[in-house]
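Reading through the structure tokens given below for one structure.
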Amino acid sequence: GAGVSQSPSNKVTEKGKDVELRCDPISGHTALYWYRQSLGQGLEFLIYFQGNSAPDKSGLPSDRFSAERTGGSVSTLTIQRTQQEDSAVYLCASSLYTGTDTQYFGPGTRLTVL
Amino acid sequence: AQSVTQPDIHITVSEGASLELRCNYSYGATPYLFWYVQSPGQGLQLLLKYFSGDTQVQGIKGFEAEFKRSQSSFNLRKPSVHWSDAAEYFCAVGSGGSYIPTFGRGTSLIVHP
């Protein structure tokens, strides 16, 4: 059975470039979450999708960050004009329902901005 | 609003010793409580969860936890730690009133041989 997958696993980019991070959730999961984990830090919530809608974008740190989800499945997190402080591991999780349900996490994308 | 506190940033134990990781939550109603483990370079994996019923919860890898409403706690325990248990452990609380679970900052477990 397929779990949550993320690609790429590692991404090195230059400051100022745009990057796209992809998340493939477990089939049938309606909720999808993006988190950021900086070195030695906990999980920072970024954005949450219910189906294709994003009811809560409150965690996005700036307008350089955006995300979309299509077909109730794949999600893409886009960071424009990357900065060095964007360097972190970006984790995606999906769950069957929201809030009260178990989240299943992908392995993450490690982003390094030079 | 719900919140989670993991008071210990690091815990060091010897292999074979018992383990307790602390988690305190703040939420007005009955919470949904989770413990996740993150091995180096990996995503988070669910160890166990509490929704209702028996306050003693058994999880994978020999872990267990107890929900204590009077203390607003959900501490994780293991009777005998193995070197492979060295990892980061996260407590999380969810609720019917919020779509987004709240995670603690994590406790790093170091296991000495």
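Atoms considered below: every heavy atom in the structure, side chains included; atoms not considered: hydrogens, waters and symmetry mates. In what follows, chains are A, B, ... by sequence order, proteins preceding strands, each numbered from 1. The structure displayed is predicted, hence computed values, not measured ones.
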**Message:** On a heavy-atom basis, which atom in Y36(B) and which in Q103(A) lie closest, and how many Å separate them?
**Reply:** OH-N, 2.9 Å

**Request:** Locate the shortest heavy-atom distance separating Y33(A) from P101(B); write the atom from each residue and the value.
**Result:** CE2-CD, 3.9 Å

**Item:** Residues of residues 4-15 of chain B within contact distance of chain A, non-hydrogen under 4.5 Å
**Value:**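 Interface residues of residues 4-15 of chain B: none, nothing closer than 4.5 Å to chain A.
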
**Prompt:** Does the side chain of L91(A) come within less than 4.5 Å of Q38(B)'s, by heavy atoms?
**Reply:** yes

**Message:** Is Q6(A) close to chain B through its backbone or its side chain, or both, or neither, when contacts mean heavy atoms under 4.5 Å?
**Reply:**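 Nothing of Q6(A), per the 4.5 Å heavy-atom cut-off to chain B.
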
**Prompt:** chain B heavy atoms under 4.5 Å from Y104(A): which part of the residue, side chain, backbone, both or neither?
**Reply:** neither

Hydrophobic cluster membership, [X] vs [Y], 4.5 Å side-chain cutoff:
| X | Y | value |
| --- | --- | --- |
| L46(B) | F45(A) | yes |
| V37(B) | V4(A) | no |
| V19(A) | L60(A) | yes |
| I60(B) | W35(B) | yes |

**Request:** Measure distances from L44(B) to the heavy atoms of chain A and classify the residue's part below 4.5 Å as side chain, backbone, both or neither.
**Result:**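 It is both, since atoms from each part get that close.
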
**Message:** For E85(A), I'd like to know if atom CD has over 12 heavy atoms of other residues, nucleotides or ligands within 6.0 Å.
**Reply:**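 Result for CD/E85(A): enclosed.
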
